[in-house]
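Note that this is a predicted model, so its numbers are computed, not measured. One-based numbering, in listed order, for ligands and for the atoms of each.
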Amino acid sequence: MSKKVAVYRKESFNAAHRLFNPAWDEETNNRVFGKCALPNYHGHNYDLVVKVVGEPDPETGYVMDMKLLSELIQAEVVERFDHRNLNLDTAEFSNLNPTAENIAVVVYDILRPHIPAGLEMQVRLYETARNFVDYPA
Ligand code: NI
């Protein structure tokens with residue numbers, strides 16, 4: 001019987017974005033994205049929860065050291081995106097619409113190589129208290 005445990009670390013960052021498909025005209029963008037397409041951008045206080053799943057190490061009792069996980073998220077994600085305009089200031093979203101969905105996928109891909117291969121990982125991103133996404137689903 002597996003003794004897998006899920007551990008979670010929450011960090012946060014603030015960033016601006018605009019949801020926009022450059023292949024569409026303004027009317028279509030406005031219809032699909034509403035206020036999120038306004039040209040002068042808007043901000044969110046993003047909450048990022050990283051879930052790591054595995055069996056506790058017999059020596060430490062930890063699935064993963066939460067301090068190391070926190071430092072990893074800070075160094076790789078928060079430093080990169082905090083107080084940035086995601087569309088204008090980041091390579092990741094220069095050609096990718098910075099929806100919560102796409103941000104979660106990007107964050108997962110950034111962090112996954114840094115998490116031990118034997119551990120499962122999932123990213124939950126809150127764009128608002130009521131809107132949040134999980135990747136992988
Ligand atoms: Ni938004």
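When all heavy atoms of Asn29 and Asn21 are compared, the closest pair comes out as OD1-N, 2.6 Å.
The aromatic rings of Phe13 and Tyr46 sit parallel, their planes meeting at an angle under 30°, below the 60° perpendicular limit.
The CE atom of Met121 lies 10.0 Å from the NE2 atom of His114; values are rounded to the nearest 0.5 Å.
Here salt bridge (Lys or Arg N to Asp or Glu O under 4.0 Å) pairs that include residues 26-52, with residues two or more places apart or in two chains, number zero.
Residues that satisfy the salt bridge (charged side-chain N to carboxylate O under 4.0 Å, His left out) test with Lys4, not counting sequence neighbours, are Glu120.
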Output a table of donor-acceptor pairs, distance under 3.5 Å, between side-chain atoms of residues 87-94 and any protein atom two or more places apart or on a different chain; print 'none' if there are none.
from	atom 1	to	atom 2	distance (Å)
Asn87	OD1	Arg18	N	2.8
Asn87	ND2	Arg18	O	2.9
Asp89	OD2	Asn85	N	2.8
Thr90	OG1	Leu86	O	2.7
Thr90	OG1	Phe93	N	3.3
Glu92	OE2	Arg80	NH1	2.7
Ser94	OG	Ala91	O	3.1

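Screening the protein for N, O or S atoms under 2.8 Å from the Ni ion (ligand 1) yields 3; no waters enter the count.
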